[in-house]
Asks: 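This structure is in structure tokens; I'll ask about it shortly.
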4 protein chains.
Amino acid sequence: MARGVNKVILIGNLGGDPDVRYLPNGNAVANITLATTDSWKDKQSGQMQERTEWHRVVFFGRVAEVVGEYARKGSKLYVEGRLQTREWEKDGVKRYTTEVVVDLGGQMQLLDGRSQGGDAPAPRQSAPRQQPQQPSQQQRPEQQPAAAQQATPDYDSFDDDIPF
Amino acid sequence: MARGVNKVILIGNLGGDPDVRYLPNGNAVANITLATTDSWKDKQSGQMQERTEWHRVVFFGRVAEVVGEYARKGSKLYVEGRLQTREWEKDGVKRYTTEVVVDLGGQMQLLDGRSQGGDAPAPRQSAPRQQPQQPSQQQRPEQQPAAAQQATPDYDSFDDDIPF
Amino acid sequence: MARGVNKVILIGNLGGDPDVRYLPNGNAVANITLATTDSWKDKQSGQMQERTEWHRVVFFGRVAEVVGEYARKGSKLYVEGRLQTREWEKDGVKRYTTEVVVDLGGQMQLLDGRSQGGDAPAPRQSAPRQQPQQPSQQQRPEQQPAAAQQATPDYDSFDDDIPF
Amino acid sequence: MARGVNKVILIGNLGGDPDVRYLPNGNAVANITLATTDSWKDKQSGQMQERTEWHRVVFFGRVAEVVGEYARKGSKLYVEGRLQTREWEKDGVKRYTTEVVVDLGGQMQLLDGRSQGGDAPAPRQSAPRQQPQQPSQQQRPEQQPAAAQQATPDYDSFDDDIPF
DNA sequence: TTTT
DNA sequence: TTTT
């Protein structure tokens with residue numbers, strides 16, 4: 001099981017379309033950024049203040065495929081995962097990136113009222129799982145190098161019928 | 001209130017004694033690193049795997065004072081806060097540090113079995129709030145110091161009587 | 001603070017319009033039922049199973065007013081509160097009702113995409129707080145007797161500008 | 001997966017030793033009551049108030065065995081589960097009991113410093129799983145009739161090496 | 001970079 | 001009683 005508890009719960013909006021890749025073993029990995037906004041009344045000025053926080057969220061396995069197919073820029077998501085900090089290097093300097101990891105131990109819910117509005121996005125045809133789109137790990141943009149090198153079990157044993 | 005939800009829940013052990021400072025207005029700020037350990041059985045090898053995650057946690061106000069007085073290296077803590085990423089610069093290069101912020105909207109619980117052991121440390125005399133120990137915000141070491149060398153040190157057992 | 005942690009997090013849909021009342025001191029109390037649905041694949045039959053759970057949720061103070069004005073039957077809500085079991089009597093028999101209580105220590109978020117659909121409900125004009133609609137506690141239907149007798153402080157000190 | 005979120009997080013102390021039973025299929029079920037205590041300052045009197053809440057918690061499968069072997073009256077536990085209300089009948093009257101259910105989707109952590117003190121309770125020898133202690137469902141005391149009739153998959157596929 |  |  002675990003020693004300790006490491007849990008993150010977020011509800012926010014996607015800053016852009018998900019970035020979905022496939023590991024050599026065929027498992028999907030989806031990266032998104034998620035915005036949450038806090039607001040409070042400033043004690044001094046009495047003015048309302050606002051601060052938007054951007055979270056890096058990484059999905060693995062079946063949930064990554066669902067995110068890749070149904071979530072879009074602006075989508076509202078519930079996410080339950082765990083905090084993980086990766087070390088990476090650039091120009092000989094070590095850096096750290098903290099992400100919220102969502103795999104089988106976590107949860108994801110699309111919160112958009114897809115049925116009430118008329119602009120429910122047509123599910124993007126996902127690349128077949130048996131035929132990984134990007135078997136080789138591509139370069140990632142600055143600040144977000146090769147994610148997901150953590151040893152992660154395969155996520156096959158999962159029901160497929162309805163994505164969410 | 002807020003748009004969205006930004007919540008972190010941790011149970012782990014302190015990597016070192018808390019670092020308590022005081023803001024010019026007299027409010028306390030306490031920094032700690034907290035270790036949580038995940039373990040799982042590797043699918044390939046069948047071996048148990050373990051990974052320790054180190055979290056930076058920052059407490060503000062009254063809860064910071066309590067942490068400073070009663071939490072010590074090795075203490076087990078429950079923490080509920082929110083994720084926040086700070087930007088800072090070093091040698092002209094922007095870097096980011098993600099922390100768990102605990103203030104009035106959060107919660108903290110010391111989980112050490114204070115009653116069973118006999119070697120309760122005397123609560124460290126805290127600096128009075130009216131007389132800030134460190135009126136000027138000092139430089140922090142490197143902003144991302146030695147913490148978290150990925151090895152859980154021995155947690156000197158301890159316990160105590162009072163305020164929570 | 002507290003000894004222990006008592007936290008409930010729900011996302012679900014309202015089974016009916018909120019029932020809003022006012023305490024003698026003018027504070028609002030809103031009762032709703034919230035449905036969450038679990039689904040899983042049955043090991044024996046391989047069939048998908050489903051179970052809907054109905055939760056009683058009670059809001060106090062400002063958040064109760066917001067629920068009363070903006071939430072409706074079918075609305076999707078995020079709720080963070082605490083578990084509380086009330087004892088009541090009927091025909092000389094003690095019974096117990098467990099509720100999720102949401103007050104200043106909790107949180108509520110309306111998750112309906114109010115902007116995308118065209119049928120955003122016009123905010124129902126709430127009874128003015130100074131003129132309680134129902135100063136005397138009315139009879140409640142079976143299974144749900146007089147809620148909210150718990151000593152609860154006033155919830156006045158709260159920003160009012162935007163409800164959510 | 002699920003529609004909605006149904007999550008309970010508790011840290012509290014056991015009101016008594018766990019009540020462990022075995023289902024006909026050999027799976028363990030453990031029932032406990034868990035106390036959490038809230039305290040707050042009363043607005044009127046300025047006095048500190050306290051209220052202890054008792055929660056019924058039901059564990060299934062491997063986690064039920066761990067609870068049965070290592071948790072005792074007074075033990076401090078972290079529990080993550082879901083809310084579930086059962087209907088039962090007594091003297092022709094329907095009643096309801098709300099419980100926190102902890103199975104594979106949940107989590108449990110013993111928070112007692114078992115290693116540092118010398119009075120770590122000797123693990124009670126558990127009945128072997130292959131030889132269910134109580135194949136037939138016994139009567140339960142009032143207010144707590146036959147739990148766990150919910151269709152629950154088997155909990156065999158679980159690592160066994162170390163309980164926590 | 002999102003959202004209200 | 002809700003929702004997909």
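Small disclaimer: the values here were computed from a predicted structure and weren't measured. Below, read A as the first sequence line, B as the second, and so on, with proteins coming before strands; counting in each chain starts at 1. The figures here come from the full heavy-atom set of this structure, side chains too, leaving out hydrogens, waters and symmetry mates.
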Asks: Grab the CD-P distance between E50(C) and dT2(F) for me, whole Å please.
Replies: 14 Å
Asks: For Q109(C) and dT2(E), give me the distance from atom CD to atom P, rounded to whole Å.
Replies: 19 Å
Asks: When rounded to the nearest 0.5 angstrom, what distance separates CZ in F59(C) from CG in D103(C)?
Replies: 11.0 Å
Asks: Rounded to the nearest Å, what distance is computed from the CG atom of residue L77(C) to the P atom of nucleotide dT2(F)?
Replies: 16 Å
Asks: Report yes if the ring of W54(A) lies under 5.5 Å from the six-membered base ring of dT1(E) with planes under 30°, and no otherwise.
Replies: yes
Asks: Among dT2(F), dT4(E), dT2(E), which nucleotide sits nearest the side chain of A35(C)?
Replies: dT2(F)
Asks: Give the rounded distance in Å between these two atoms: CG of N13(C) and C1' of dT2(F).
Replies: 5 Å
Asks: Looking only at side-chain atoms of T37(A), point me to the closest of dT3(E), dT2(F), dT1(F).
Replies: dT3(E)
Asks: Considering residues at least two apart in sequence or located in another chain, which fulfil the side chain to side chain donor-acceptor pair (under 3.5 Å) criterion with D42(A)?
Replies: S45(A)
Asks: Rounded to the Å, how far apart are R51(C) CZ and dT3(F) P?
Replies: 20 Å
Asks: side-chain contact (heavy atoms from CB on, under 4.5 Å) with N6(B): which residues, sequence neighbours excluded?
Replies: L10(A), T36(A), E53(A), H55(A), R82(B), L83(B)
Asks: Measure from CG on L111(C) to P on dT2(F) and round the result to the nearest Å.
Replies: 19 Å
Asks: Provide, to the nearest angstrom, the distance between the CG atom belonging to D38(C) and the C1' atom belonging to dT3(F).
Replies: 14 Å
Asks: Go through dT4(F), dT1(F), dT1(E) for me and flag the one nearest to the K73(A) side chain.
Replies: dT1(E)
Asks: Supply the atom-to-atom distance L111(C) CG to N13(C) CG, rounded to the nearest 0.5 angstrom.
Replies: 9.5 Å
Asks: Just checking T52(C): base, sugar-phosphate only, or nothing, at a heavy-atom cut-off of under 4.0 Å?
Replies: base
Asks: Atom CG of D112(C) and atom C1' of dT2(F): how far apart are they, to the nearest Å?
Replies: 11 Å
